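Fair warning: this is a prediction, and the values are worked out from it, not measured in the lab. Proteins come first, then strands; the chains are lettered A, B, ... in the order of their sequence lines, and each starts at number 1.
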There are 2 protein chains.
Amino acid sequence: MNWDEKEMLKLDNQLCFALYACSKEIITLYKPYLNSQGLTYTQYITLLVLWEEDGLNISELGNKLLLDSGTLTPLLKKLEKSQLVERVRDRDDERVVKVYLTEKGKMLQETFSDLPQKMFWNTGIQVEEAIKLKTMLNQLLGNIRKL
Amino acid sequence: MNWDEKEMLKLDNQLCFALYACSKEIITLYKPYLNSQGLTYTQYITLLVLWEEDGLNISELGNKLLLDSGTLTPLLKKLEKSQLVERVRDRDDERVVKVYLTEKGKMLQETFSDLPQKMFWNTGIQVEEAIKLKTMLNQLLGNIRKL
DNA sequence: ACAATATATATTGTGTACAATTAAATTGTA
DNA sequence: TACAATTTAATTGTACACAATATATATTGT
């Protein structure tokens, strides 16, 4: 192993670790806001999708969130128990489960209306900077997923 | 809730989701290389730290990896079971557990010497781009953690 | 029609991740 | 010295995350 290789194996030179650490820390920042409403981060992003488009099925949700039924099935059962969504077997195709927001689930969106703005302040990131970062991340994501 | 607020609540406008998704996808890219050696991603980054500096204790590892003993204790026991590290109570301070690489653990570094380079190719990202991205992520991480 | 194949979700098992608590050892201080 | 406060790991409990498998339903090919 040469010097370059050894250098590249250092934790602080890993792009993957910067991503992993940033992702976790941002989610930690969300926690106080979400926990006060009894939600986890994953439950929150699931609601984000449903607030945009209600009545999606499990696999559609999974495609948007990059999660599979092994994660979503128990998660949605919890959201159902807290009466934020309903899981309904599709009459036309009994394999499919569609997920609908309840009134309570729809109303909850209002509670979080200013959360993205708050998080912006909390991270202290500039709008231009955030846009650039998100663009780069989406490009990277695109590269990876079309392999 | 106004239009701006509604727009900012869309999943695809969330910087946090871009980070979360990218982090997960990159880790997925690592999996084939790591699993073939019987390692998980978290075990791998733990070894990265130890290859740089052997004999750290649990809390020092946790500070570098942003993980606590609840995660590290079982993880290190697994690495010990596969004979890559040894966990040793410090004689001078019996509260402390120091973690040492075994010969097998040290040798394993060689196996991964070209992995960072391989991952670069896999992600199709340019060096300049990667540096810029990592810089932005570290800056964001710094902002968050000094709150 | 019906066997083979494909699809959608659920289940099982393993491994993080982290908050909260516990237990043991050490340090600070009256 | 005693003893309260602190520190370090380990433990407990909950919730993802995902691979692998199972199950039920739907579709396809003959």
Side-chain angles (χ1 to χ4, degrees), chain A residues 16-17 19-32 34-47 56-82 85 87-99, chain B residues 16-17 20-32 34-47 56-63 65-82 85 87-99:
Chain A
C16 65
F17 180 70
L19 280 165
Y20 164 83
C22 250
S23 170
K24 284 200 311 170
E25 291 299 309
I26 294 261
I27 289 172
T28 301
L29 271 191
Y30 270 95
K31 256 169 209 172
L34 302 179
N35 290 175
S36 73
Q37 300 295 321
L39 290 179
T40 65
Y41 177 75
T42 317
Q43 290 167 8
Y44 171 67
I45 59 176
T46 303
L47 289 174
L56 294 176
N57 62 41
I58 309 270
S59 64
E60 287 165 339
L61 276 171
N63 286 338
K64 287 179 189 288
L65 295 166
L66 309 186
L67 293 171
D68 68 8
S69 66
T71 302
L72 285 173
T73 296
L75 183 149
L76 290 166
K77 283 182 178 173
K78 278 166 213 153
L79 288 180
E80 188 167 45
K81 187 170 285 182
S82 43
V85 306
R87 293 159 61 254
V88 186
R89 280 278 163 195
D90 188 337
R91 285 281 172 90
D92 297 334
D93 186 340
E94 288 277 355
R95 294 171 303 181
V96 173
V97 172
K98 290 189 170 180
V99 184
Chain B
C16 65
F17 180 71
Y20 164 84
C22 249
S23 170
K24 285 200 310 170
E25 291 299 308
I26 295 259
I27 289 171
T28 301
L29 271 191
Y30 270 94
K31 254 169 211 171
L34 301 180
N35 290 175
S36 72
Q37 300 295 322
L39 290 179
T40 64
Y41 177 74
T42 317
Q43 290 166 9
Y44 171 67
I45 59 175
T46 303
L47 289 174
L56 294 175
N57 62 42
I58 309 272
S59 64
E60 287 167 338
L61 276 170
N63 287 337
L65 295 166
L66 309 186
L67 294 171
D68 68 9
S69 65
T71 302
L72 285 173
T73 295
L75 183 150
L76 290 167
K77 283 182 177 173
K78 278 166 211 149
L79 288 181
E80 189 166 45
K81 188 170 281 181
S82 43
V85 305
R87 293 159 60 254
V88 186
R89 280 277 162 192
D90 189 337
R91 283 282 171 87
D92 298 333
D93 186 340
E94 288 277 356
R95 292 172 304 183
V96 173
V97 170
K98 291 188 169 180
V99 184

**OP:** Starting from the 5' end of DNA chain C, give me the residue, B:Pro74 or A:Glu60, whose nearest nucleotide shows up first.
**Re:**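 Closer to the 5' end of DNA chain C: A:Glu60.
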Between [atom2] on [N] and [atom1] on [X], what's the gap in Å once rounded to a whole number?
X: B:Ile27; N: D:dC18; atom1: CD1; atom2: C1'; answer: 12 Å
X: A:Asn57; N: C:dT7; atom1: CG; atom2: C1'; answer: 11 Å
X: A:Lys31; N: C:dA19; atom1: NZ; atom2: C1'; answer: 8 Å
X: A:Glu94; N: C:dT9; atom1: CD; atom2: C1'; answer: 12 Å
X: B:Leu39; N: C:dT16; atom1: CG; atom2: C1'; answer: 14 Å
X: A:Lys24; N: D:dC16; atom1: NZ; atom2: P; answer: 17 Å
X: A:Lys78; N: D:dA15; atom1: NZ; atom2: C1'; answer: 5 Å
X: A:Tyr41; N: C:dA17; atom1: OH; atom2: P; answer: 16 Å

Original post:
Across all strands shown, which nucleotide pairs with C:dA30 by Watson-Crick or G-U wobble geometry, both distances under 3.5 Å?
Top reply: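 Checking every strand shown, C:dA30 finds its partner in D:dT1, with both distances under 3.5 Å.
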Original post:
Watson-Crick or G-U wobble partner for C:dT16, using a 3.5 Å limit on both distances?
Top reply: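 Looking at the geometry, C:dT16 pairs with D:dA15.
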Does [N] have OP1 or OP2 under 4.0 Å away from a side-chain N or O of [X]?
X: B:Arg87; N: D:dA10; answer: yes
X: B:Thr71; N: C:dA17; answer: no
X: A:Ser59; N: C:dT9; answer: yes
X: B:Thr40; N: C:dG15; answer: no

Original post:
With distance as the sole test, does B:Lys78 use its side chain to make a donor-acceptor pair with the main-chain N or O of B:Gln43 at under 3.5 Å?
Top reply: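 Not a single qualifying donor-acceptor pair exists.
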Original post:
Hey, does the side chain of A:Ser23 reach the backbone of A:Leu19 with a donor-acceptor pair shorter than 3.5 angstrom?
Top reply: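 Not confirmed, A:Ser23 side chain does not pair with A:Leu19 backbone.
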Contact class for [X] vs. all strands (heavy atom < 4.0 Å): base, sugar-phosphate, or nothing?
X: A:Thr42; answer: sugar-phosphate
X: B:Asp92; answer: sugar-phosphate
X: A:Ser69; answer: base
X: B:Leu66; answer: sugar-phosphate
X: A:Lys98; answer: nothing
X: A:Leu72; answer: nothing

Could you give the distance from [atom1] ([X]) to [atom2] ([Y]), rounded to the nearest 0.5 Å?
X: B:Tyr30; Y: B:Leu39; atom1: OH; atom2: CG; answer: 13.0 Å
X: B:Leu65; Y: B:Ile58; atom1: CG; atom2: CD1; answer: 11.0 Å
X: B:Ser69; Y: B:Asn57; atom1: OG; atom2: CG; answer: 11.5 Å
X: A:Lys98; Y: A:Arg89; atom1: NZ; atom2: CZ; answer: 13.0 Å

**OP:** Determine whether any donor atom in the side chain of A:Arg95 lies under 3.5 Å from an acceptor atom in the base of C:dT9, or the reverse, and answer yes or no.
**Re:**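 No, the side chain and the base share no sub-3.5 Å donor-acceptor pair.
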**OP:** On DNA chain D, check which nucleotide each of B:Asn35 and B:Gly70 is closest to and give me the residue with the more 5' one.
**Re:**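 Counting from the 5' end, the first nearest nucleotide belongs to B:Gly70.
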Original post:
Which sits closer to the 5' end of DNA chain D, B:Lys77 or B:Tyr20, going by the nucleotide each is nearest to?
Top reply: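 Result of the comparison: B:Lys77.
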